[in-house]
Structures are given as structure tokens and as C-alpha cells.
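Quick notes on the structure that follows.
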Amino acid sequence: MAGVSIASMKNLSWFYRPTILSYEPNLTKQMATFLGCSARRGYMVKSSDGFRDFFGPKAIYVGEDVPADVTLQWSLQVTARATVPTVAAQVPRLTESMVVSFQNQLLEYRLKNLVKVENSSFVALALPRDAQPIANALGACIVDSPKLQDRLVSLLAPIADQRHTDRSTSLEGLTLEATLSLCHQGKAQILVGDIATEVNRIAKARGERLNYSAETVGHRLKKVDLLTGRLGSAGKGLVIDLATMARIHELAAVYGGVGLDQDQDNLHCPLCVEKKAVM
């Protein structure tokens with residue numbers, strides 16, 4: 001598909017769960033949210049004939065760089081590298097009969113192994129929790145070949161590690177690290193301004209020269225779904241109740257475990273121990 005939209009998806013036949021291949025270098029946040037949700041069963045979209053589930057595999061080309069404000073949930077990002085012309089020239093063009101033969105092999109494999117795939121117990125325990133759903137879905141399709149499943153995990157591991165590194169060093173990761181650090185100081189409320197001050201302290205200690213404003217940090221808190229509220233005349237911030245504490249620790253684990261390492265500030269924090277154990 002040359003571009004993808006919810007309207008165009010509604011016009012497709014979803015009886016056979018098609019695999020969508022699309023060119024979309026200008027992916028919007030709304031469409032990214034839709035694609036992320038459609039990677040899981042059960043997310044319904046209203047249509048003229050009722051509600052429909054657009055679950056199914058999708059490969060979207062989004063260009064050289066994914067915009068910073070666009071997040072694809074339950075996705076695996078692969079860097080597309082230009083094919084060397086001399087190599088491409090050596091690959092024979094597929095004939096129609098070759099294409100049909102390949103499609104028939106895939107269909108035969110599907111019909112033969114569909115029940116095994118649906119009942120697969122494969123779990124990629126060696127990967128971080130946020131990468132496991134993708135690996136599990138891919139690994140379930142590999143039937144009766146544990147070696148190939150292990151190979152799949154080894155191929156995905158560097159990508160998952162790089163994603164964790166990118167997240168932990170992002171401004172969102174830095175904001176979560178600062179927020180968690182302030183939480184461990186036993187504060188009942190934390191102002192966005194205080195979080196910004198801690199963000200800049202951590203960044204400066206790591207050699208950063210940029211200085212982040214409270215407004216910028218507030219936007220990053222909103223992006224990771226930590227919604228601030230007005231705390232009297234002092235300004236906006238977070239009320240650190242048990243639910244908020246748990247949420248901050250969960251997000252810290254997703255963003256590469258920022259702030260969860262045991263030190264003198266969080267040595268006795270049970271949530272840090274718990275989240276670090278499941279990463």
C-alpha cells in the first residue's frame with residue numbers, strides 16, 4: 001500500500017487476515033497509535049457495519065528516522081540498508097510460477113501447523129519483557145525446531161538491547177530517572193520544577209551541556225503517561241501515592257531500568273528489587 005490510513009484499512013477484506021506492507025514516511029501519532037493497537041487482538045475500531053478488529057501483521061516503511069514524538073507499540077524497528085547493486089544484480093527475478101510455488105508452500109505450512117502455532121508455549125525469556133511479545137509471536141510460528149527459535153532470540157537480542165539503551169539515554173528516560181530519585185527521598189509531592197532541576201543535575205554530571213526547562217520536562221512526563229496536576233500555588237507536580245510510585249517503577253523498568261540499580265538511596269526499596277528482577 002502507498003500510504004496507510006484507517007479508512008483504507010476498512011476497505012480491505014480482513015477475513016483472511018492480510019499482511020500489510022506499506023510505505024508511510026510521514027506517519028502521524030494517531031496512525032502510529034492505531035497500528036500499535038492493531039498488533040494485539042481485541043482492539044476494536046468503529047466501522048459502518050459495526051466494530052472491527054484490524055489485528056494482523058504489518059510492515060511499515062517509515063523512512064530513515066522515526067520522529068521522536070511517534071511511538072509504535074509492540075513493534076520491532078529494523079534499519080533498512082541500501083542493497084549493494086552488484087549483489088542485487090546477481091539475484092534472479094522471480095517468475096510467476098516461482099511466486100505461486102512459494103505461496104503454496106506457505107499455505108501448506110499454515111494449514112499443517114496452525115493448531116501447533118496457536119497452542120505454542122514458546123516464551124523468549126532471555127529478552128526484556130517489552131520485547132517478548134514480538135519474539136513470542138515470531139517464535140510460535142517456528143514449529144518443531146528449538147534451534148531455530150534460539151537463533152531467532154539471538155537475532156533479536158542486539159535490537160532489544162539497543163532499544164533499551166536508546167530509551168535509557170533519552171530525555172524521557174532521564175526524566176524518569178530524576179523522578180524516581182526524588183521519590184526515594186520520601187517526598188509526598190514532587191514539583192515539575194524540582195524534577196527539571198534533578199534532570200539537569202544528572203545531565204550535567206554526565207557531560208551534557210543542554211539545560212531543560214520545567215515545561216519541557218512536564219511534556220516528557222505527559223508523554224510517558226505521568227499526568228501532573230496543580231499542587232496549590234507552588235505549581236504543577238505529582239502526588240506520590242502508592243499507585244504513582246508503582247507506575248514510576250514500571251516505567252523505569254521499561255526505559256532500561258533507569259534508577260533501579262541498588263544504591264544508598266533505594267537500597268531498601270521493595271519496588272526497585274521487584275522491577276529489577278523481572279527486566
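Source: prediction; values computed, not measured.
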Item to check | Straight-line distance of Ile6 CD1 to Arg52 CZ, nearest 0.5 Å | outcome: 12.5 Å
Checklist entry - Is there a path of hydrophobic side-chain contacts, each under 4.5 Å between heavy atoms of I, L, V, M, F, W or Y residues, that connects Leu174 with Leu191? => result no
Checklist entry - How are the rings of His184 and His249 set to each other: parallel, tilted or perpendicular (split at 30° and 60°)? => result perpendicular
Report all side-chain donor-acceptor pairs from residues 235-242 shorter than 3.5 Å, counting only partners two or more places apart or in another chain.
unit_1, atom_1, unit_2, atom_2, d
Asp241, OD1, Ala243, N, 3.4
Asp241, OD1, Thr244, N, 2.8
Asp241, OD1, Thr244, OG1, 2.6

Checklist outcome for this item: Sorted by chain and number, sequence neighbours left out, ring-ring contact (aromatic ring centres under 6.0 Å, His included) with Tyr212 holds for none
Next on the checklist: Return the CG to OG distance between Asp53 and Ser47, rounded to the nearest 0.5 Å.
Outcome noted: 12.5 Å
Checklist entry - Between atom CG of Leu227 and atom CG of Asp225, what is the distance when rounded to the nearest 0.5 Å? => result 5.5 Å
Next on the checklist: Run the side-chain contact (heavy atoms from CB on, under 4.5 Å) test on Val45 and Met9 for me, step by step, so that the C-alpha distance in whole Å, both residues' side-chain angles and the decisive distance to 0.1 Å come before the verdict.
Outcome noted: CA-CA 11 Å; Val45 177; Met9 301 286 268; over 6 Å; no
Item to check | Minimal non-hydrogen separation, Ala135 against Leu152, with atom names | outcome: O-CD2, 3.8 Å
Checklist entry - Which pair of heavy atoms, one from Val192 and one from Ala214, lies closest together, and at what distance? => result CG1-O, 3.2 Å
Checklist entry - Are Leu210 and Val199 linked, directly or through other ILVMFWY residues, by side chains that come within less than 4.5 angstrom of each other? => result yes
Item to check | Euclidean distance, Leu182 CG relative to Ile190 CD1, rounded to 0.5 Å | outcome: 5.0 Å
Checklist outcome for this item: In this structure, OG of Ser22 is separated from NZ of Lys58 (nearest 0.5 Å) by 11.0 Å
Item to check | In one Ile/Leu/Val/Met/Phe/Trp/Tyr side-chain cluster, 4.5 Å: Val123, Ile142 | outcome: no
Checklist entry - Of all heavy-atom pairs between Ala160 and Pro128, which one has the smallest distance, and what is that distance? => result CB-CD, 3.9 Å
Checklist outcome for this item: Residues Ser154 and Pro158: closest non-hydrogen pair is O-CD, 3.1 Å
What donor-acceptor contacts under 3.5 angstrom involve side-chain atoms of residues 99-109, with partners at least two apart or in another chain?
unit_1, atom_1, unit_2, atom_2, d
Asn104, ND2, Val100, O, 3.3
Tyr109, OH, Cys141, O, 2.8
Tyr109, OH, Val143, N, 3.1

Checklist entry - What residues, two or more places apart in sequence or in another chain, satisfy ring-ring contact (aromatic ring centres under 6.0 Å, His included) together with Phe55? => result none
Checklist entry - Are Leu171 and Leu251 in one and the same hydrophobic cluster, where Ile, Leu, Val, Met, Phe, Trp and Tyr link if side-chain heavy atoms are under 4.5 Å apart? => result yes
Item to check | Linked, directly or transitively: Leu127 and Leu148 (ILVMFWY side chains, under 4.5 Å) | outcome: yes
Checklist entry - For Thr165, does its backbone N or O pair with a side-chain atom of Thr169 as donor and acceptor, under 3.5 Å? => result yes
Checklist entry - What are the two closest non-hydrogen atoms of Asp144 and Pro146, and how far apart are they? => result C-CD, 3.8 Å
Checklist entry - Just wondering, more than 12 heavy atoms not from Glu215 lying within 6.0 Å of its CD? => result no
Checklist entry - side-chain contact (heavy atoms from CB on, under 4.5 Å) between Ile60 and Met31: does it pass, once the steps are laid out? => result CA-CA 11 Å; Ile60 313 296; Met31 200 62 211; over 6 Å; no
Item to check | Polar side-chain atom of Ser120 near backbone of Lys116 as donor-acceptor pair, under 3.5 Å | outcome: no
Item to check | Met245 versus Cys183, closest heavy-atom pair with distance | outcome: SD-CB, 3.6 Å
Item to check | Evaluation steps, side-chain contact (heavy atoms from CB on, under 4.5 Å), between Leu27 and Leu35 | outcome: CA-CA 10 Å; Leu27 189 66; Leu35 291 171; 3.9 Å; yes
Item to check | Residue pairs fulfilling side chain to side chain donor-acceptor pair (under 3.5 Å) with at least one residue in residues 189-206, sequence neighbours excluded | outcome: Glu177-Arg206, Ser181-Glu198, Glu198-Arg201, Asn200-Asn211
Checklist entry - Is it true that atom CZ of Arg151 has more than 12 heavy atoms of other residues, nucleotides or ligands lying nearer than 6.0 Å? => result no
Next on the checklist: Distance check, rounded to the nearest 0.5 Å: Leu114 atom CG versus Asn119 atom CG?
Outcome noted: 9.0 Å
Checklist entry - Should Tyr255 and Val224 be marked as a side-chain contact (heavy atoms from CB on, under 4.5 Å) after you check the CA-CA gap, both sets of side-chain angles, and the distance that decides it? => result CA-CA 10 Å; Tyr255 276 79; Val224 298; 3.6 Å; yes
Item to check | Results of salt bridge (charged side-chain N to carboxylate O under 4.0 Å, His left out) for Glu24 - residues two or more places apart only | outcome: none
